[in-house]
Amino acid sequence: MTTARLEITVTPPADEIPVGRGFYQLEEDTLYVQLAPYDPNHRFFNYLESDLVRFDLDKDGRLLFVEIREARRRWSVVDDLNVPHYSQPADIRWLDFRTALPEARFLTNKDHSLLVVEFSDRPSVASYQPAWSVLIDCDDDGCVTRLWITDIVDDLAGQDIAAFRKSRPSV
């Protein structure tokens with residue numbers, strides 16, 4: 001079952017927003033985005049996925065991790081791709097789970113340090129920041145239109161993501 005609209009709830013964050021970061025695994029042609037502090041004993045509870053995108057969610061509907069399985073050589077390069085000027089820090093809860101994500105378009109800049117996963121062509125009216133380097137745009141119905149990953153680094157053999165996880169306190 002495909003969910004046509006990605007519904008979320010948005011509230012002000014109770015704590016500081018976590019540091020997020022995108023790591024493009026060169027040998028796998030896969031982008032991994034860590035949003036929550038890593039704990040090897042903590043498992044995701046729910047998920048939303050398609051053939052090319054997977055969101056891992058905790059039991060409260062918070063986004064913990066994103067996996068993009070579309071190789072970046074297939075991302076569409078857009079010359080004037082600009083991050084929203086203003087995004088509000090937010091505690092975002094995903095209302096759907098264990099369903100299929102809508103088909104997405106993948107847009108990037110020339111150096112592939114920025115990725116926009118576009119789920120809808122509806123105009124975005126608000127942009128929220130659930131983690132540093134991660135933005136979520138919503139339409140006027142409060143449904144997700146785009147996911148932005150703004151600080152992507154190339155990673156070989158998972159070395160950078162491992163160092164990132166070690167540098168952050170676990171849950």
Problem - Shared hydrophobic cluster for Leu114 and Leu35 (ILVMFWY, side-chain gaps under 4.5 Å) - result: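 No, Leu114 and Leu35 fall in different hydrophobic clusters.
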Handout entry: Derivation of the side-chain contact (heavy atoms from CB on, under 4.5 Å) call for Asp96 and Trp94
Key = CA-CA 6 Å; Asp96 295 308; Trp94 298 77; over 6 Å; no
Exercise for the section: Could you tell me whether Glu67 and Arg54 make a salt bridge, using a distance below 4.0 angstrom between a side-chain N and a carboxylate O? Expected result: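 Answer for the salt bridge query: no.
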Problem - Check ion pair Asp140-Arg122 (N to O, under 4.0 angstrom) - result: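 Salt bridge present between Asp140 and Arg122.
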What pair of heavy atoms forms the shortest contact from [X] to [Y], and how long is it?
{"X": "Cys143", "Y": "Glu7", "value": "SG-CG, 3.8 Å"}
{"X": "Leu81", "Y": "Asn109", "value": "CD2-N, 3.9 Å"}
{"X": "Leu135", "Y": "Pro84", "value": "CD1-CD, 3.8 Å"}
{"X": "Asp60", "Y": "Asp58", "value": "N-OD1, 2.9 Å"}

Problem - Derivation and outcome, side-chain contact (heavy atoms from CB on, under 4.5 Å), residues Leu115 and Trp75 - result: CA-CA 8 Å; Leu115 175 66; Trp75 301 351; 3.7 Å; yes
Practice task
Evaluate whether atom CZ of Arg69 has more than 12 neighbouring non-hydrogen atoms of other residues, nucleotides or ligands under 6.0 angstrom away.
Solution key: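 Result for CZ/Arg69: enclosed.
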Handout entry: Interatomic spacing from CD in Glu103 to OG in Ser50 - rounded to 0.5 Å
Key =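 Between Glu103 CD and Ser50 OG, I get 6.0 Å after rounding to 0.5 Å.
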Handout entry: Distance in Å, Thr30 OG1 paired with Gln25 CD, rounded so as to fall on 0.5 Å steps
Key =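 Answer for the OG1-CD pair, Thr30 versus Gln25, is 8.0 Å.
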Give the table of side-chain donor-acceptor pairs shorter than 3.5 Å for residues 127-134, with sequence neighbours excluded, one pair per line with atom names and distance.
| residue | atom | partner | partner atom | Å |
| --- | --- | --- | --- | --- |
| Ser127 | OG | Asp137 | OD1 | 2.9 |
| Ser133 | OG | Gly20 | O | 3.3 |

Exercise for the section: For Glu16, check side-chain contact (heavy atoms from CB on, under 4.5 Å) against everything at least two apart and list the hits. Expected result: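 Glu16: no side-chain contact (heavy atoms from CB on, under 4.5 Å) contacts found.
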Handout entry: Listed once per pair and sorted, the salt bridge (charged side-chain N to carboxylate O under 4.0 Å, His left out) pairs that draw on residues 23-36, sequence neighbours left out
Key =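 Residue pairs passing salt bridge (charged side-chain N to carboxylate O under 4.0 Å, His left out), neighbours aside: Asp29-Arg73.
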Handout entry: Cation-pi, Tyr24 ring and Arg72 (6.0 angstrom, 45 degrees)
Key =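 Yes, Arg72 lies over the aromatic ring of Tyr24.
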Problem - Close side-chain approach of Leu52 to Phe106, heavy-atom, < 4.5 Å - result: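 In contact.
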